[in-house]
Novice: 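Could you have a look at this structure, given as structure tokens, before my questions?
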Amino acid sequence: MATTSNITFNFELNSKPNRFNRYSVLLRITENGKLKRVKTGLDINIPAKSATDKDKRKAYWNPNPKKSEYISKKDVNAKVKNQMLNDILTTYQQAYQELKKEGRATTDNIINKVKLGEVSESFLAYAKNRTQEIFNAGGVRNWKKYNGFCNKLESFLAANRKKDVLFADITPSFLSDFDAYLHTLPNERQPEKLLHPNTIQVVLNIFKTIINKSIKIDKRIKPEDNPFLAFKYKGVKTERGKLTSDELQALHDLELEENSLIWHCRNFFFFSFYCAGIRAGDLMQLRWCNIKDGRLNYQMGKNHKVRDLELVPQALEILKYYFSDSVKPTDYIFPLLDNTKVWASYITQEDKDRMKPDMKKDMFNAISAKNALINKELAKMQKLAGIDTKISFHISRHSFAKAAKDKGLDNSAIKELLAHSKLTTTERYMGDFDVSRTDKALESVFAPANKEDEAAKVLKQLQGLSPDVLAQVLKQLDK
């Protein structure tokens, strides 16, 4: 047996004969305890005798030869076959050594290099490595999405009785099959429903992003071989939920028990609304040191932008409920996160960026759990207020954007308030809210005729008429 590092090569005889009653010789490659067999194209004809099959194979086959004589001399072509087996073994060992120098030595790559003259790496391993890189860099939110993608890809492979997929296997047809599989998966939050088309779009977007990285940065595949050039997909347009002024007032007027959980959750929702749609994760991490001279100053976790907002009277009124003389500047404003947790000692965004990945994950999970709790209470408020629109914490951001548009603010001003990086982002965001153009167009179609416009139209028609004809027209108008 030839051994090289953690990959071993050996030959074995198939345990059962083929249809011609011959026993095939297989190359066995073992990597980290995982076994893969490759056909050599050679076989042995063992004459039928009274001995058992095992004894027959033992007489003709030596799995651990001293001089590479795997096939005994009982086979008339033993010398030629043994030379062929040694040539095969040398070829695979050389391929392994070349790939090992490149840091790309895997069983699949060795087989592909020998058979195809080229190497196709495991896409699944590449995707998992990229997912780990994101986690190590502290991108917990994206890590969760990428990890979800890898899990769905593995479940798809398992459904097709496969454990891995190579880059060479990622074709438009493969993507189409994966897309079809995603459409059969249940929704995690609502198991009675299937995955939303836009959730599927997110999964495929991650797939595409990983493929693009493998092309542009890591040079794993050629640009012209990008399977997404032929495979197209898209989600569905959904209306951005937002509350009208009447619906907001209905929420505000609900009689809720003071200091109850649902009462606090309403405060959180409206504080976000009064502060230009502050996101849930940012709101939970606000500390009293973020408040100074009637202003709110904090750095957004999503894009690290600094926001400096005047606190309107309604927001200041909410803060009064949570302030006491005993609070410390570094205490969280709202009773959502635990001040005693280790990650709570990381106060500034710069500090948080230096957290270890596992600590970031713990904080992210705590924020996600609290966000789910708030949304559960908001759903109760929705029913109590008789509102049809499904309410979640993020609806406060949408509702603020609508209120700003209704007050006549242009998209540039709303962009600054929402802290978007690009105006195009705000314009897409406002697409469902800004209906002023279509309203004016519709009104113009059904608006009554303007008398001045009609007079101008008549005068234009009278121009160029001869004096006689004009006199007759005026005479008819007098009548």
Novice: Does atom NZ of K145 have more than 12 heavy-atom neighbours, drawn from other residues, nucleotides or ligands, at distances under 6.0 Å?
Specialist: no
Novice: Does the side chain of T348 pick up a donor-acceptor pair with the side chain of D351 at under 3.5 Å?
Specialist: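 Yes, side-chain donor-acceptor contact under 3.5 Å.
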Novice: So does D308 pair up with R295, basic N to acidic O under 4.0 Å?
Specialist: yes
Novice: Could K36 and D108 be called an ion pair, given the rule that one side-chain N must be under 4.0 Å from one carboxylate O?
Specialist: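 Looking at K36 and D108, the cut-off is met.
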Novice: How about W288 and F323: are their ring centres within less than 6.0 Å of each other?
Specialist: yes
Novice: Please tell me whether N290 and N297 have a donor and an acceptor in their side chains that are separated by less than 3.5 angstrom.
Specialist: no
Novice: Can you name the nearest heavy-atom pair linking I7 to I29, along with the distance?
Specialist: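 Taking every non-hydrogen atom into account, CG2-CG2, 3.8 Å.
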Novice: Hey, does the side chain of T30 reach the backbone of G33 with a donor-acceptor pair shorter than 3.5 angstrom?
Specialist: no
Novice: Counting N and O atoms only, with roles assigned by atom type, does the side chain of R266 sit under 3.5 Å from a partner on the main chain of L251, one being a donor and the other an acceptor?
Specialist: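 Yes, R266 side chain to L251 backbone: donor-acceptor pair under 3.5 Å.
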Novice: Donor-acceptor check, side chain of D331 to backbone of N339, threshold 3.5 angstrom: yes or no?
Specialist: no
Novice: Return the orientation label for the F123 and F167 ring planes: parallel under 30°, perpendicular over 60°, tilted otherwise.
Specialist: perpendicular
Novice: Can you name the residues that form a side chain to side chain donor-acceptor pair (under 3.5 Å) with Y346, not counting sequence neighbours?
Specialist: none
Novice: Please identify each residue that fulfils side chain to side chain donor-acceptor pair (under 3.5 Å) with N259, with sequence neighbours left out.
Specialist: none
Novice: Quick one: does any side-chain atom of Q285 pair with a main-chain N or O of G281 as donor and acceptor, under 3.5 Å?
Specialist: yes
Novice: Looking at E31 and K34, does any basic side-chain N land under 4.0 Å from a carboxylate oxygen?
Specialist: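 Looking at K34 together with E31, the answer is no, because their closest N to O distance does not fall below 4.0 Å.
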Novice: With the side chain counted from C-beta on, respond yes when L182 and F156 share a heavy-atom pair under 4.5 Å apart, and no when they do not.
Specialist: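 Side chain of L182 against side chain of F156, heavy atoms only: no contact under 4.5 Å found.
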Novice: Within the structure provided, determine whether P357 and V140 are in side-chain contact (heavy-atom separation under 4.5 Å).
Specialist: no
Novice: With distance as the sole criterion, is a donor-acceptor pair present between the side chains of H304 and D353 under 3.5 Å?
Specialist: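 Yes, side-chain donor-acceptor contact under 3.5 Å.
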Novice: Mind checking the OH-NZ spacing from Y332 to K341? Nearest 0.5 Å is all I need.
Specialist: 11.0 Å
Novice: Give me the ring orientation class for W263 and Y322: parallel if the planes are under 30° apart, tilted from 30 to 60°, perpendicular past 60°.
Specialist: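 If you compare the ring of W263 with that of Y322, the planes turn out tilted.
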Novice: Just checking E257: does its CD atom have more than 12 heavy atoms from other residues, nucleotides or ligands closer to it than 6.0 angstrom?
Specialist: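 12 or below, so no.
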Novice: When you measure from the side chain of N226 to the backbone of K222, do you find a donor-acceptor pair of N or O atoms at a distance under 3.5 Å?
Specialist: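 Side chain of N226 to backbone of K222, a donor-acceptor pair under 3.5 Å: no, none is there.
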Novice: Is it the case that over 12 heavy atoms from other parts of the model lie below 6.0 angstrom from the CD atom of E350?
Specialist: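 No.
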Novice: Side chains of N205 and Y233: closer than 4.5 Å at any heavy-atom pair?
Specialist: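 N205 vs Y233: side chains touch.
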Novice: Among N198, V202, L204, which residue satisfies the side chain to side chain contact (heavy atoms under 4.5 Å, CB included) criterion with I200?
Specialist: L204
Novice: Would you call the rings of F178 and F174 parallel, tilted or perpendicular if under 30° counts as parallel and over 60° as perpendicular?
Specialist: parallel
Novice: Answer yes or no: is there a side-chain heavy-atom contact under 4.5 Å between S176 and F231?
Specialist: yes
Novice: L311 versus C275: any side-chain heavy-atom pair under 4.5 Å?
Specialist: yes
Novice: With salt bridge (charged side-chain N to carboxylate O under 4.0 Å, His left out) as the test, would you mind laying out the steps for E154 and K162 before giving the verdict?
Specialist: CA-CA 9 Å; E154 281 192 296; K162 295 181 179 179; over 6 Å; no
Novice: Ignoring hydrogens and angles, tell me if any N or O in the side chain of Q299 forms a donor-acceptor pair with the backbone of V306 under 3.5 Å.
Specialist: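 Absent.
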Novice: Just checking, is any N or O donor in the side chain of S173 or T171 under 3.5 Å from an acceptor N or O on the other one?
Specialist: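 Side-chain D/A pair, S173 to T171: absent.
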Novice: Test N147 against T131 for side-chain hydrogen bond (donor to acceptor under 3.5 Å, both in side chains), laying out the working first.
Specialist: CA-CA 6 Å; N147 195 52; T131 302; 5.8 Å; no
Novice: Can you find a pair of side-chain heavy atoms, one from L286 and one from L296, that are under 4.5 Å apart?
Specialist: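 They are in side-chain contact.
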Novice: State, with a plain yes or no, whether a side-chain heavy atom of F269 is found less than 4.5 Å away from one of L243.
Specialist: yes
Novice: S155 and Y181: side-chain donor and acceptor closer than 3.5 Å?
Specialist: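 The answer is yes; a qualifying pair exists.
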Novice: Does any part of the side chain of Y274, heavy atoms only, come nearer than 4.5 Å to the side chain of L316, both counted from C-beta?
Specialist: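 No. Closest side-chain heavy atoms not under 4.5 Å.
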Novice: Do N375 and S392 meet the criterion of a side-chain donor-acceptor pair at a distance under 3.5 Å?
Specialist: no
Novice: Judged by modelled atom types alone, do T340 and D338 share a side-chain donor-acceptor pair under 3.5 Å?
Specialist: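 Per modelled atom types, T340 and D338 side chains form a pair under 3.5 Å.
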Novice: Would you please indicate yes or no on a ring centroid separation below 6.0 angstrom for H264 and F271?
Specialist: no
Novice: Looking only at heavy atoms, what is the nearest atom pair of L256 and M381, with distance?
Specialist: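 Of all heavy-atom pairs spanning L256 and M381, the closest is CD1-SD, 4.2 Å.
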Novice: If you measure from CG on L35 to OG1 on T107, what distance do you get to the nearest 0.5 Å?
Specialist: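 Rounded to the nearest 0.5 Å, the CG-OG1 separation comes out at 9.0 Å.
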